[in-house]
Each structure stands twice: as C-alpha cells, then as structure tokens.
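Report on the following structure.
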There are 2 protein chains.
Amino acid sequence: MNEVDNAEKEMNRGFLQLVVLLLLEKAMYGYMIVRVLEEQGLTVDENTLYPLLRRLEEKGALSSRWDATEAKARKYYEVTDQGRVLRGSLLEIWVKQGKTIQTLRQEVRS
Amino acid sequence: MNEVDNAEKEMNRGFLQLVVLLLLEKAMYGYMIVRVLEEQGLTVDENTLYPLLRRLEEKGALSSRWDATEAKARKYYEVTDQGRVLRGSLLEIWVKQGKTIQTLRQEVRS
DNA sequence: ACATATACCATATGACACACAGTATGTCAA
DNA sequence: TTGACATACTGTGTGTCATATGGTATATGT
C-alpha cells in the first residue's frame with residue numbers, strides 16, 4: 001500500500017458516510033448503491049459499503065427492509081429523520097473544512 | 001461519544017493531513033501549529049497532531065530539525081518535495097469528493 | 001453444465017483520532 | 001518564592017472504520 005492509496009483511504013472515511021446519507025433519500029439496496037456510485041466515477045468496495053450500511057442502521061440513521069418479492073432477496077435501505085440530522089451535521093463539517101482548505105491554499109498559493 | 005462527534009472525528013481523518021501539509025510550507029513546531037489552527041477556528045488535539053507529524057515525517061512528507069537556541073527546545077517541521085506530491089494527491093481527492101457531494105446534493109435538493 | 005452476474009455476510013488486519021498520563025522548563029503575579 | 005499556568009513534547013492505550021480475504025447462495029445466459 002503506497003502513501004497516496006492510504007491517504008485516499010483515510011480521506012474516504014466520513015466522506016462515504018455522507019455520500020450514502022445523501023443517496024439514500026431514495027431507498028436502495030447495497031449492490032445497487034455500488035453500481036450507481038460506480039457510474040458517477042466513485043468506486044466503493046462492497047466490503048466497505050455493507051458494514052457501513054449496517055453501522056448507520058445501528059445508529060438509527062438508516063432503516064432497512066427485506067424485499068423478497070424480487071428475483072433475488074434485496075435489503076433496501078433508506079435514510080431516517082435521524083439520518084437527515086446526521087447528514088446535516090456532516091455537511092456542516094464538510095463546508096467548514098472546505099473553507100479551511102481554501103484559506104490555507106490561498107496563503108500557500110500552491 | 002455521540003454520533004456527530006464521532007462523525008466529525010472520522011471526517012477529520014485525512015483532512016488534517018492535508019491541513020498540515022498546506023500549513024508547513026513555512027517551518028513550524030507542533031505547539032505553534034495547534035495555536036495557529038485554533039486561531040482559524042480549527043481545534044486540533046495535541047495528541048492527534050504530534051503523532052501525525054511523526055507519521056508524516058516517517059513517510060518522508062515532512063522534515064524536522066530541533067532548535068535548541070530558543071527558550072524552550074522546539075522541533076520544527078517543514079514540508080518536503082515528497083510531501084508536496086502527497087499534498088497534490090490529497091487535494092485532487094478532495095476536489096473530486098467535493099464534486100461528488102455537490103452532484104448528490106443537487107439531486108437530493110436538501 | 002458452467003461461467004458470470006447478482007446480492008449479501010463474517011472475520012481479521014492495520015491505520016489513525018483521540019484519551020489518558022506523564023516529563024520538564026519558562027513566566028509572572030501575589 | 002512559590003505556585004499556578006503556559007509552553008513543548010512524548011508514550012501507551014482504545015475504539016472505529018476502510019479494506020482484505022474468503023465465504024454463501026441464487027439467477028441467467030450459453
């Protein structure tokens with residue numbers, strides 16, 4: 001694992017939570033999320049996403065229901081009100097971080 | 001530890017590396033960095049920053065030198081060329097993430 | 001039949017933010 | 001002159017999470 005890969009991994013923490021909370025305003029299942037994000041140029045490992053979905057559900061930020069009527073059983077996740085609150089907080093943090101980076105970039109002018 | 005605090009912690013991963021790499025275009029020592037960032041409204045725990053500085057130095061992204069001439073011995077860190085490369089990569093990732101969030105926000109209109 | 005796609009899960013590993021605890025010197029005011 | 005507070009750094013946890021590895025099981029096209 002080189003430094004940049006590792007750095008990207010670290011940068012993805014938190015970010016991915018925000019992405020999922022934004023995306024799941026419409027109910028979707030895990031495998032679908034992976035492919036939708038892939039289309040947007042964002043590769044997310046299944047083994048990263050599935051645990052994340054479960055963690056967010058445990059926290060009450062997502063709700064889930066199994067749909068067995070379709071060809072393959074699918075677990076649909078959707079954001080809850082609590083999840084929207086969390087999303088708001090994450091967005092605030094993200095905006096604040098953006099401002100910090102902008103300020104520093106101007107000072108460094110790199 | 002509530003969810004938002006924890007989320008902020010996760011959001012800080014990677015972000016803080018980028019901040020340090022931007023800031024250390026000018027040589028600074030740890031305690032000074034903490035206070036400079038504090039002034040900018042960014043509270044960074046000493047116990048987070050010091051290990052981070054050491055890790056970045058191990059990676060070759062920072063160089064350090066002790067200055068014993070001042071009242072208190074201070075360890076000055078400065079970004080290296082390798083660190084600038086890493087910084088460039090982190091900035092790219094950050095910009096890409098920003099675009100993703102923007103796109104998703106528009107779709108969700110939240 | 002068999003490969004490939006779909007769809008999910010369990011366990012282990014390693015990195016890192018932060019907590020907790022400590023060492024040691026400098027400064028300033030009562 | 002003492003003792004509180006600031007300065008400046010270090011060491012050793014702990015917990016969370018991204019990712020690696022390695023599954024299970026069904027569907028679908030050839």
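Lettering follows sequence order; numbering is per chain, from 1.
Rounding to whole angstrom units, CG of residue B:Leu53 and C1' of D:dC9 are separated by 11 Å. Across the protein-nucleic acid pair, A:Leu16 atom CG and D:dC17 atom C1' stand 11 Å apart, rounded to whole Å. A:Asn12 has its CG atom 14 Å from the P atom of C:dC16, to the nearest Å. Atom CD in B:Glu57 sits roughly 14 Å away from atom C1' in D:dC9 (whole-Å rounding). As rounded to whole Å, 17 Å separates atom P of D:dT7 from atom CG of B:Asp67. As rounded to whole Å, 15 Å separates atom P of C:dC16 from atom CG of B:Leu18. Between the CG atom of B:Asp45 and the P atom of D:dC9 there is a distance of 15 Å, given to the nearest Å. Taking atom NZ of residue A:Lys75 and atom C1' of nucleotide C:dC8, one finds them 9 Å apart after rounding to whole Å.
Of the residues in residues 27-39 of chain A, not one places a heavy atom less than 4.0 Å from an atom of DNA chain D.
Going from atom CG of B:Leu16 over to atom CE of B:Met11 covers 13.5 Å, rounded to the nearest 0.5 Å. Remark: A:Leu104 CG to B:Glu25 CD distance equals 11.5 Å, nearest 0.5 Å. Between atom CD of residue B:Gln97 and atom CG of residue B:Leu90 there is a gap of 10.0 Å, rounded to the nearest 0.5 Å.
Within the nucleic acid shown, B:Asn47 comes within 4.0 Å of at least one base atom, counting heavy atoms only. Residue contacts shown for B:Glu46 include a base, since a base heavy atom lies under 4.0 Å away.
When each of B:Gly14 and A:Pro51 is assigned the nucleotide of DNA chain C bearing its nearest heavy atom, the one mapping closer to the 5' terminus is A:Pro51.
Looking at heavy atoms from C-beta onward, A:Leu91 lies in side-chain contact with B:Ile101 at the 4.5 angstrom threshold. Side-chain contact check for A:Leu52 versus A:Val44: every heavy-atom pair is 4.5 Å or farther apart.
A distance-only check finds a donor-acceptor pair linking the side chain of B:Thr80 to the backbone of B:Gly60 [under 3.5 Å]. Between the B:Arg13 side chain and the A:Arg13 main chain, no donor and acceptor come within less than 3.5 Å of each other.
Between C:dC16 and B:Arg55, a contact under 4.0 Å exists linking OP1 or OP2 to a side-chain N or O. Checking the phosphate oxygens (OP1, OP2) of D:dC9, a side-chain nitrogen or oxygen of B:Tyr50 falls inside 4.0 Å. Taking 4.0 angstrom as the limit, A:Lys9 places none of its side-chain polar atoms (N or O) nearer than this to OP1 or OP2 of D:dC17. Applying the 4.0 Å criterion to OP1 and OP2 of D:dT16, one finds that A:Lys59 has every side-chain N and O outside that range. Look at B:Arg13 and you won't find any side-chain N or O under 4.0 angstrom from OP1 or OP2 of D:dA18. The side chain of A:Arg54 contributes an N or O atom lying less than 4.0 Å from OP1 or OP2 of C:dC9.
Using a 3.5 Å distance cut-off with no hydrogens or angles, the side chains of B:Glu38 and B:Thr43 do pair a donor with an acceptor.
Every ring pair (Phe, Tyr, Trp, His ring centres under 6.0 Å) that B:Tyr29 has, sequence neighbours left out, goes to B:Tyr76.
Results of the side chain to side chain donor-acceptor pair (under 3.5 Å) test with A:Ser64 over A:Arg54, A:Glu57, A:Glu78 single out A:Glu57 as the only residue that passes.
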Return the polar atom pairs (N/O with N/O) between nucleotides 24-28 of chain C and the protein under 3.5 Å, or none.
unit_1: C:dT25; atom_1: O2; unit_2: B:Lys72; atom_2: NZ; d: 2.7

